[in-house]
Each structure stands twice: as C-alpha cells, then as structure tokens.
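Data first, discussion second: the structure below is written as structure tokens.
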Amino acid sequence: MGITLKMRKMAYLKEGTAYRELARKAEGFFGKICEDPEIGFTGLPENLVYVDRCDEALNRLPAGSETLYVLGIGGSALGTSMLINAFSGSCIRKVVVVDNVDGSTVNQLLREMNPETSVINVISKSGSTVEPLSLFSIFFEHFVAKLGREEAFRRVVVTTDVEKGALRQLAEEENLISLPIPGNVGGRFSVLTPVGLFPAMFAGIDVVPLLLGAKREKREGQSRAVCGAVLDYLFQEQGRNIKVLFPYCDRLKTFGDWYLQLFAESLGKLKNRRGMVVRSGQTGVVAVGVTDQHSQLQLYKEGPGDKSFFFFTLENQENIPIPDVFGRYPSFQILRGKSLGKLMLAEAEGTMQSLEKNSLPVFEYTLSGIDGETLGALIFMFEMQTAITGYLMNVNPFDQPGVEEGKIIARKLLED
Ligand code: PA5
C-alpha cells in the first residue's frame, strides 16, 4: 500500500543549493499550514464527524433510492467525479454528476430520470452559484411534477456552508436533509467533507480508508509534498509553464481533472501577496496512458521544451492475459505469454524513457493500486503540495478572485 515518488534521471536536482533552500522553506510551510486554524482541509483526515453526518443523511432517504443527481460545479463536483470514477467497479448505486448547464445534456437526463427512485444532492459552498441553483430549480420542478412538493423535498439533500447563503436558509426553512461545508475549507479542498463523502457513501464506497490514507500522508508524507512543491516552483521559474499529468490508468482520469482545478485556481494568480503583478501558475494537462501516447506524445517529445511530466503507474492492476489466438502472424507473436498489465507498464516505461532521451524532466509516482487509502493519500498530498507551492510563490492558494469576478459579471448580465 502506498505511493513512491521516483525522481528518475532528475535525482541530481536534490543536490542543488536552490532545491535544498526551497525544500527547507517548504518544510516550514508544511507545519505552518497544518497549524493554521483558518485552513481547514488539513484537519479533515482526523475528522469522522462528517462520516457520521452523511450516514444519518443516508438513513433519512426514502427506501429504494437508487440514483443520486449531484448538482454542483468546480470544487463542488470534481472531487465527487474523481471518487466515483476511481471506484466505479465497486459502486452499488448510481451517482450522476451534473456540472454543466447544457440544455441538451439536462434534457436527456430529465428524460431518463425516474424521480421515484432518485435523489437530488445540490452542492454549493456559497449557496449562490447560478449554475447549481438553476439546475436545482429545474430538477426540483421535475420531481414536483411527478411526486408532489412534499415528496420532492424528501428527496433533496443540500450540502452548503454551515451557516451562510440561500441554500442554507432554504434547507432550514423547509426542514430539508442538509450537510455542512466548514467555513474554513475552500471548494477545491473540500472533497473530504460531505461534498465528496456523501455521494461516495451513497454509491457504497467505504470512505474511511480515504480518510485513513490522508491521515497517514499527513503524518508520513511531508517529504513527498515538499518535493512536489519545490519541483513545481523550480519548473515555473525555468519557464516550464505546462505540467503534464500522465496516469497510466483510466480510473485516474478524473483524479487528473480534480487536480488540475486545484492547481489552476490555487496557483494561477495575477498578483502576489504583496500586491505585485506576477501572473503566476502553470497550465496543467491530463494525458491518460496509453491512449494519449497516440495523440499527444509527438508534441510532448519534440515540441516546445516548456513542460514537466508526472507519470502515475500502478504496481498492482487488474491483469488480463493476452491469449495466443493469432500467433501465426508475426505482429501478434510478441504478445505471446504477455498480459495487459505488462503491456501497460512497458508502454509507460517506454514513454518515460523516450521523453528522458530528449532531456525532458520526468517523474514517476508509483502507486500500489487504486484503493481507498492510496487515493486518500494522493488527495492530501496534492492539496498540501499545492498549498506549499503557493506559499513558495508568495501567492494566496486559497482564493480565486478571477473566478469570483466572472461569477459577478455573469450575474450582472442576467439582471439586464
Ligand atoms: O474551488 C472553488 O472555490 C470553486 O471552484 C468553487 O468550488 C466553484 O466556483 C463552485 O462554488 P460553490 O461551491 O460556492 O457553488
């Protein structure tokens, strides 16, 4: 069980003075972030209260609830998608994440939906984001048309700020099932609150290992988070403005999407903490191996040298032997006695080596597998790494003024 970060050919980096000094600073930030009461995500791994709250909410749902529609966006949706994608093989109930206001998608969902066996989980930390609020209005009205208002309300779970916002007020006035998002946990850091825990538990995912993995990473994973933060900082200084995540595993595709949001909103900043214009941040990209080897690798290997590469490989994966059915053809012969797992690892290693041949920076996270503890550890590690990188860059990793401004303009346009 666990995660190893291999520096491959870049191990010499650690010897450099710049690396050592930054690592020393980053270690200090690790402790500072854990102790700051205004930063809530670091306290979540030890907190089982939310698991109990989610359990109570599940018990209040009408019997026969089979499908959960999660209506949220950004940090209120991507963590759930990550968990459902990672554990889809063991889910016993369906969770559908609706994070866009595309009429054709919504119409399709409404056509397929059976309100008698469905539940709406509207999630918004602020309680005022227009996308989930509009989706909630549409889905709720659809429920009311089929079930009546009282029964429709029994099938709503509201996840929002503990005390503020329109959704909190609505939940209290209508006595709805509701779950809290703590005030000191920002949207993109909230997957281990009821934002991600409730939908995961509805699907039948055991969330306790996630918390245990995160807790273990907090205790033992400091050097990994520090190393990742220093690398991101150094690559940005060198003008490597693109960070490519390369998981060799379909089940980590949405982990990549979750991380890209965390990384983009936390570190992409116009100004630093002193108010100076810095235009910081790298652009994240997710490429899934092996699929994207055949679509993006050419550019990565031979195009602009402005990227750093982080691979994710699995030590243990579901292994399917490749049967020797067509061995009489030379192209099939090489597959004799091999398995998909072996093929996947050979392809990953081949890709890493070919990038290294062009002197590109390649790192490898080796995961024992995709189990709850490993994913929990990955979540905590990347949250911490992102926060530390922000501190090294002297930008605030916990605000998102750019997103907020867009929300305000959109609201104004709607008023016209
Ligand atoms: O990370 C963030 O803060 C954002 O991505 C938010 O999660 C997103 O804008 C949705 O906000 P809210 O949960 O308030 O609806």
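Everything numeric in this text was worked out from a predicted model, so none of it was measured. Counting starts at 1 for both ligands and their atoms, following the listed order. The figures here come from the full heavy-atom set of this structure, side chains too, leaving out hydrogens, waters and symmetry mates.
- No more than 12 heavy atoms of other residues, nucleotides or ligands sit less than 6.0 Å from atom CD of Glu116.
- Residue Glu265 approaches ligand 1 through these ligand atoms, each under 4.0 Å from one of its heavy atoms: 1 (O), 2 (C), 4 (C), 5 (O).
- Given atom 7 (O) of ligand 1, the protein heavy atom at minimum distance is Gly75 N, 2.9 Å.
- Around the CZ atom of Arg219, the shell of radius 6.0 Å holds more than 12 heavy atoms that belong to other residues, nucleotides or ligands.
- Ring centers of Phe235 and Phe363: under 6.0 Å apart, within the cut-off.
- Near Arg188, meaning under 4.0 Å from any of its heavy atoms, are these atoms of ligand 1: 1 (O), 2 (C), 3 (O).
- Interface of Thr129 with ligand 1, defined as ligand atoms under 4.0 Å from a residue heavy atom, comprises 11 (O), 12 (P), 14 (O), 15 (O).
- Within ligand 1, the atoms closer than 4.0 Å to a non-hydrogen atom of Gln400 are 3 (O), numbered from 1 in the order shown.
- The protein heavy atom nearest to atom 9 (O) of ligand 1 is Lys407 NZ, 3.1 Å.
- Proximity of Glu131 to ligand 1 is not established, as no heavy-atom distance is less than 4.0 Å.
- Inter-residue side-chain proximity for Cys34 and Ile39 is flagged as unmet; no heavy-atom pair is nearer than 4.5 Å.
- The protein atom (non-hydrogen) at minimum distance from atom 5 (O) of ligand 1 is Gln261 NE2, 2.5 Å.
- When hydrogens are left out, the protein atom nearest atom 10 (C) of ligand 1 is Ile73 O, 3.3 Å; that is the closest non-hydrogen contact.
- Phe140 and Phe153 have their aromatic ring centers within a separation under 6.0 angstrom.
- Ring centroids of Phe246 and Tyr248 are separated by less than 6.0 Å, placing the two rings close together.
- Considering only non-hydrogen protein atoms, atom 14 (O) of ligand 1 sits nearest to Ser126 OG, 2.7 Å.
- Phe263 has its ring centre no less than 6.0 Å from the ring centre of Phe382.
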